[in-house]
Amino acid sequence: MTAPTGIRAAAASYDDLVQLVLAGRIGPDPRTQRIAVAFTTRQAVRHEGRGSGYRNEVLSLRLAEVVGSCAVEPGELPDGAVEECVGADIARLVEHELPPVRVAALDAYLMHALPHSPGNGARPCPLTAGTSLEKSRARAKAVVDLIDASPGATVLVVGVVNSLLEALRARGLAYIPCDLKGGTTEWGEAVRTNSLAELERCDAILASGMTLGNGSFEPLRRHAQRHGTPLVMFAQTGSAVLPRLIGSGVTAVCAEPYPFFWLDGGPGTIHRYGDAR
């Protein structure tokens, strides 16, 4: 289903996008759209040749032919949250008390109403089959190519992925790594935990869609919009949400709907929106 004329333009903010959905201005009445399946996906990974690994947990909601997703910190999702979503309508879930449920529901609805297609602004980017590390690096290049910055510029990276840092280094871009988990990068660099405190030091921002679920996205978007700072999002979380905010602080999005590259060694497709180098 395509959106009514004029609604492909960016919403003013995340909350504005929710209100457009609730008003039925983007697609079908959200009170009539119910989640058939809800599930979580957990992974632990340590790529060959890498000195450290990480864990992921993702809440996913199935609406008709699509799946909307929101990553959470492992163990953060309360018992029973998945069961609460099954059979519930989108209007109820986008106002749920749990942020990951709200984001996954909005993502599912927008992917149903505005699927990733050229008609909705997406440029498909194929990922070839390969190992987890090969596919991670291929995705990282597709993401980093969306950043309009010259060698020597500093990129604030919110949500540390070593393959993304590797791709930034290959382009001669400096970076400030930030992640709520802290720690160090593959190259021994300290990871900051307060991304908002680092904003004034950066020329561009590269942020994970996971910021939608932990409350840090809107401050990043507002800063980018106010200062004209390029904001590129890499989105497994909210892959259908963030493209609707291009022009309202978001510059470009690399959208990766479920199933994600780390679930399958075969070929896949990600979708790029907005400015590209």
- Message: The test is side chain to side chain contact (heavy atoms under 4.5 Å, CB included); show your working for Leu165 and Glu186 and say whether it passes.
- Response: CA-CA 9 Å; Leu165 302 185; Glu186 184 72 17; over 6 Å; no
- Task: Would you tell me whether Ser216 and Asn214 have side-chain atoms, one donor and one acceptor, within less than 3.5 Å of each other?
- Result: yes
Less than 4.5 Å apart, side chain to side chain, heavy atoms only: is that true for [X] and [Y]?
X: His223; Y: Glu200; value: yes
X: Val155; Y: Val232; value: no
X: Phe217; Y: Val158; value: no
X: Leu168; Y: Ile147; value: yes
X: Leu242; Y: Leu212; value: yes
X: Val143; Y: Ile270; value: no
X: Glu256; Y: Ser239; value: no
X: Arg139; Y: Val161; value: yes

Without swapping roles, check the side chain of [X] against the backbone of [Y] for a donor-acceptor pair under 3.5 Å.
X: Arg192; Y: Cys178; value: no
X: Arg272; Y: Ala142; value: yes
X: Asn120; Y: Pro115; value: yes
X: Arg171; Y: Val144; value: yes
X: Glu57; Y: Gly75; value: yes
X: Asp203; Y: Ala153; value: no
X: Asp179; Y: Val160; value: yes
X: Tyr109; Y: Pro28; value: yes
X: Lys181; Y: Glu73; value: no
X: Ser69; Y: Ser60; value: no

Distance (rounded to the nearest 0.5 Å) between [X] [atom1] and [Y] [atom2]:
X: Arg123; Y: Cys254; atom1: CZ; atom2: SG; answer: 9.5 Å
X: Glu166; Y: Thr185; atom1: CD; atom2: OG1; answer: 11.5 Å
X: Gln225; Y: Thr251; atom1: CD; atom2: OG1; answer: 10.5 Å
X: Leu206; Y: Ile176; atom1: CG; atom2: CD1; answer: 12.5 Å
X: Leu156; Y: Thr229; atom1: CG; atom2: OG1; answer: 10.0 Å
X: Ser248; Y: Leu231; atom1: OG; atom2: CG; answer: 11.5 Å

With hydrophobic residues grouped by side-chain heavy-atom distances under 4.5 Å, do [X] and [Y] end up in a single group?
X: Ile90; Y: Leu20; result: yes
X: Val86; Y: Leu77; result: no
X: Ile205; Y: Leu180; result: no

Which residue pairs pass the salt bridge (Lys or Arg N to Asp or Glu O under 4.0 Å) test with at least one member in [range], sequence neighbours excluded?
range: residues 95-112; answer: none
range: residues 217-227; answer: Glu218-Arg221, Glu218-Arg222
range: residues 58-67; answer: none

- Message: Quick test of your reading of the model: are Arg169 and Glu189 salt-bridged, counting only N-O distances below 4.0 Å?
- Response: yes
- Query: Under the side chain to side chain contact (heavy atoms under 4.5 Å, CB included) criterion, do Leu63 and Gln33 qualify, and how do the steps go?
  - Reply: CA-CA 7 Å; Leu63 174 65; Gln33 305 298 299; 3.9 Å; yes
- Message: Pair His96, Glu84 - check side chain to side chain contact (heavy atoms under 4.5 Å, CB included), show working.
- Response: CA-CA 10 Å; His96 195 277; Glu84 286 179 18; 3.0 Å; yes
- Message: Which label fits Phe260 and Tyr258: parallel for a plane angle under 30°, tilted from 30 to 60°, or perpendicular past 60°?
- Response: perpendicular
Looking only at heavy atoms, which two atoms of [X] and [Y] are closest? And how far apart?
X: Leu22; Y: Pro30; value: CA-CG, 3.9 Å
X: Val66; Y: Ala108; value: CG2-O, 3.4 Å
X: Cys70; Y: Gly213; value: SG-CA, 4.0 Å
X: His116; Y: Ala255; value: CE1-CB, 3.5 Å
X: Leu146; Y: Tyr273; value: CD2-O, 4.3 Å
X: Ala240; Y: Met111; value: CB-N, 3.5 Å

- Quickly, which of Leu61, Leu59, Val67 forms a side chain to side chain contact (heavy atoms under 4.5 Å, CB included) with Phe39? Name it, please. Val67
- Task: Give a yes or no on this: more than 12 heavy atoms of other residues, nucleotides or ligands lie within 6.0 Å of atom CZ of Arg92.
- Result: no
- Does Arg31 CZ have over 12 foreign heavy atoms under 6.0 Å away? no
- Item | Tyr14: partners by side chain to side chain donor-acceptor pair (under 3.5 Å), with sequence neighbours left out | none
- Sorted by chain and number, sequence neighbours left out, side-chain contact (heavy atoms from CB on, under 4.5 Å) with Ala71 holds for Val58, Met210, Thr237
- side-chain contact (heavy atoms from CB on, under 4.5 Å) against Pro126, all qualifying residues, sequence neighbours excluded: none
- Query: What do the steps show when you test Ser136 against Trp262 for side chain to side chain contact (heavy atoms under 4.5 Å, CB included), and what is the final call?
  - Reply: CA-CA 8 Å; Ser136 177; Trp262 39 266; over 6 Å; no
